[in-house]
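Below: one structure, written as structure tokens.
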Amino acid sequence: MTDVSIKVTDLTLRFPVYGVDAKSLKKNLARVTVGGRLGASTTGATEVTALSHLNLNLRAGDRLGLIGHNGSGKTTLLRALSGAYEPDEGQIEVRGRIAALLDLSLGIDPSATGVDNIRLRGRIAGMSSKEIEDKMDEIAEFSGLGPFLAMPMKTYSAGMQARLAFAVATAVEADVLLMDEWISVGDADFQKLAHRRLLNLVERAGILVLSSHDAGLLRLYCNKVMRLEGGVASEVKDIRRLDELLAAA
Amino acid sequence: MESGQHMLRTGRRGTLFEFSMALRDLVTSYHRRGLAWSLAWHDVVSRYRGSILGPFWITISMGLMVLGIGLLYAKLFGISVAEFMPYVAMGIVFFGLMAGTINEGCDTFVQASSMLSQTSLPMFTFIWRTVLRNLINLAHHAVIIVAVIIFFGLWRVMDVLPALGGLLLTIVNLAWIAMLAAIASARFRDIPQFVMSVMQFAIFMTPVFWKPDAFPDRHAFLTLNPFYHMLTTIRAPLLGQEADGLSYIILAIMAVLGWALTFSVFAITRRRIVHFL
């Protein structure tokens with residue numbers, strides 16, 4: 001695929017926060033019976049604007065680093081790019097097969113074996129049963145878990161789990177890889193393998209969006225960087241100007 | 001429009017657009033039906049991991065209930081065991097499908113919250129997962145049905161086709177009820193408790209363990225109970241009787257209206273469901 005792209009236009013994403021109380025039916029019924037005297041809050045939700053009027057254009061070969069404080073909207077942006085969150089305004093268009101590595105435990109069943117989890121996660125990632133079986137050996141080898149693949153996942157360490165998840169997620173012929181901060185998991189050997197695999201992905205004309213607090217990591221993987229602050233995005237800058245963005249805080 | 005290669009997400013563009021997006025969700029879930037099946041199968045396997053009999057444990061407990069109630073109630077009501085046992089067996093097994101699908105329907109989205117909040121998987125996939133999981137369970141419990149059919153010689157009188165028709169109508173109806181319950185439960189955490197109480201009440205109000213002979217035909221007490229129609233359209237033909245045509249009609253109307261309602265609710269709430277969780 002040569003026309004891999006991410007195009008985000010004027011994206012605004014509001015997050016309704018339904019208080020624990022608002023989830024109780026009684027409260028809502030009570031509201032009906034008192035005839036709206038409780039005022040304007042008809043939906044019972046407080047809205048938080050997680051992203052506001054965000055524009056972003058990425059093309060093949062772009063490796064964007066996202067920086068920003070906790071709660072600045074990095075993860076929300078990644079989730080929106082993965083298609084989980086619907087924009088309230090604006091639009092998101094992603095061309096290319098997306099692989100989101102946002103949560104290592106996604107679709108992981110701790111009591112199932114490594115092999116079963118590879119199958120399950122592969123299915124969730126959009127692979128067919130046949131594709132998974134075809135790639136099983138490669139995934140197994142890359143994960144480096146060997147005989148542990150026949151063991152239940154709950155016996156794995158966090159690093160082993162990371163290896164498996166990373167192996168499956170990147171086994172998908174992904175054009176767009178979304179990652180949230182976790183690449184530092186795993187030992188030195190695995191870091192090296194993961195590094196090579198990521199570079200390989202980018203060479204296949206893919207796009208990487210990586211959110212991280214680690215400046216060194218961003219310099220290693222990214223060629224562009226964007227800063228989010230309270231849901232407002234800075235310009236996309238060259239990675240060499242990372243210090244400027246960090247200093248702008 | 002929606003493929004693995006291209007994803008487009010936009011803000012609200014009017015009601016019609018929301019309906020087309022909901023329809024797209026449904027179509028995508030159909031294209032990825034293998035995933036729903038894998039998830040359902042995995043659910044069953046993982047729930048009974050390490051157990052030798054697995055879902056057959058439920059079958060055994062159902063079988064015991066059938067045996068106990070079949071013998072006891074036949075005596076109490078003064079009905080022959082040959083008549084009552086198959087009746088109760090089918091009642092318990094098929095009501096189990098209904099109660100299971102609807103009760104588990106409540107947890108459908110809540111359970112899938114981590115997947116829904118970071119992937120673009122269609123929401124319908126998770127509804128099919130719940131329905132398929134219950135059908136897999138039913139396939140295990142079918143052992144009981146087959147046993148009574150053989151043991152009491154019902155294969156000589158039963159009429160499979162209308163029973164399958166009834167089963168199909170029932171599943172179509174259960175699916176929308178499960179989906180409505182799933183959406184409502186995601187927003188209001190009281191719903192699962194409420195639904196469970198209703199289903200517990202329904203098992204006694206529906207002729208599962210008792211025969212509706214005491215009521216005149218088409219008595220409102222039965223006609224107004226949707227579970228009665230679901231049960232009778234499956235059970236009566238298997239017992240060699242004819243189910244009232246009205247029941248099929250009511251189920252068909254319920255399916256159309258129910259899906260229209262559920263689909264509308266889904267179209268309107270679809271964007272928000274992930275935030276409910």
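Sequence lines set the chain letters: A, B, ... in the order given, protein chains first and strands last, and positions in each chain run from 1.
Not a single donor-acceptor pair under 3.5 Å links the side chain of B/Ser120 to the backbone N or O of A/Ala84.
Ranked by heavy-atom pairs shorter than 4.5 Å toward chain A, the options B/Gly34, B/Ala112, B/Ala184 are led by B/Gly34. The residue among B/Ser117, B/Ser46, B/Ser114 with the most heavy atom pairs within less than 4.5 Å of chain A is B/Ser117. Across B/Met115, B/Arg49, B/Arg271, B/His42, the residue that shares the most heavy-atom pairs under 4.5 angstrom with chain A is B/Arg49. With chain B as the partner, the residue from A/Gly126, A/Ser111, A/Ser129 showing the most heavy-atom pairs under 4.5 Å is A/Ser111.
Of the atoms belonging to A/Asp116, it is side-chain heavy atoms, and not backbone ones, that fall under 4.5 Å from chain B. Heavy atoms of A/Leu11 lying under 4.5 Å from chain B are absent altogether. With a 4.5 angstrom heavy-atom cutoff, A/Leu120 touches chain B only via side-chain atoms. Using a 4.5 Å cut-off between heavy atoms, B/Leu35 contacts chain A through both its backbone and its side chain. Heavy-atom distances place the side chain of A/Ala100, and not its backbone, under 4.5 Å from chain B.
The CG atom of B/Leu39 sits 11.0 Å away from the CG atom of A/Asp109 when rounded to the nearest 0.5 Å. Atom NZ of A/Lys7 is separated from atom CG of B/Leu8 by 11.0 Å, given to the nearest 0.5 angstrom. Residue B/Met7 holds its CE atom at 9.0 Å from CD of A/Glu93, rounded to the nearest 0.5 Å. Rounding to the nearest 0.5 Å places CZ of B/Arg32 at 10.5 Å from OG of A/Ser128.
Within a 6.0 Å sphere centred on CZ of B/Phe95, heavy atoms belonging to other residues, nucleotides or ligands number more than 12. Within a 6.0 Å sphere centred on CG of B/Leu224, heavy atoms belonging to other residues, nucleotides or ligands number more than 12. Heavy-atom neighbours of B/Tyr30 OH from other residues, nucleotides or ligands within 6.0 Å: at or below the threshold of 12. Other residues, nucleotides and ligands contribute more than 12 heavy atoms inside 6.0 Å of the CH2 atom of B/Trp259.
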Worked verdict on A/Ile124 versus B/Leu121 for side chain to side chain contact (heavy atoms under 4.5 Å, CB included): CA-CA 8 Å; A/Ile124 293 168; B/Leu121 296 179; 3.9 Å; yes
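For A/Glu86 and B/Arg270, the salt-bridge test passes: some basic side-chain N is under 4.0 Å from an acidic carboxylate O. Electrostatic pairing of A/Asp88 and B/Arg272 counts as a salt bridge here, judged by a charged N lying under 4.0 Å from a carboxylate O.
Using cut-offs of 30° and 60° on the angle between ring planes, the pair A/Tyr85 and B/His275 is tilted.
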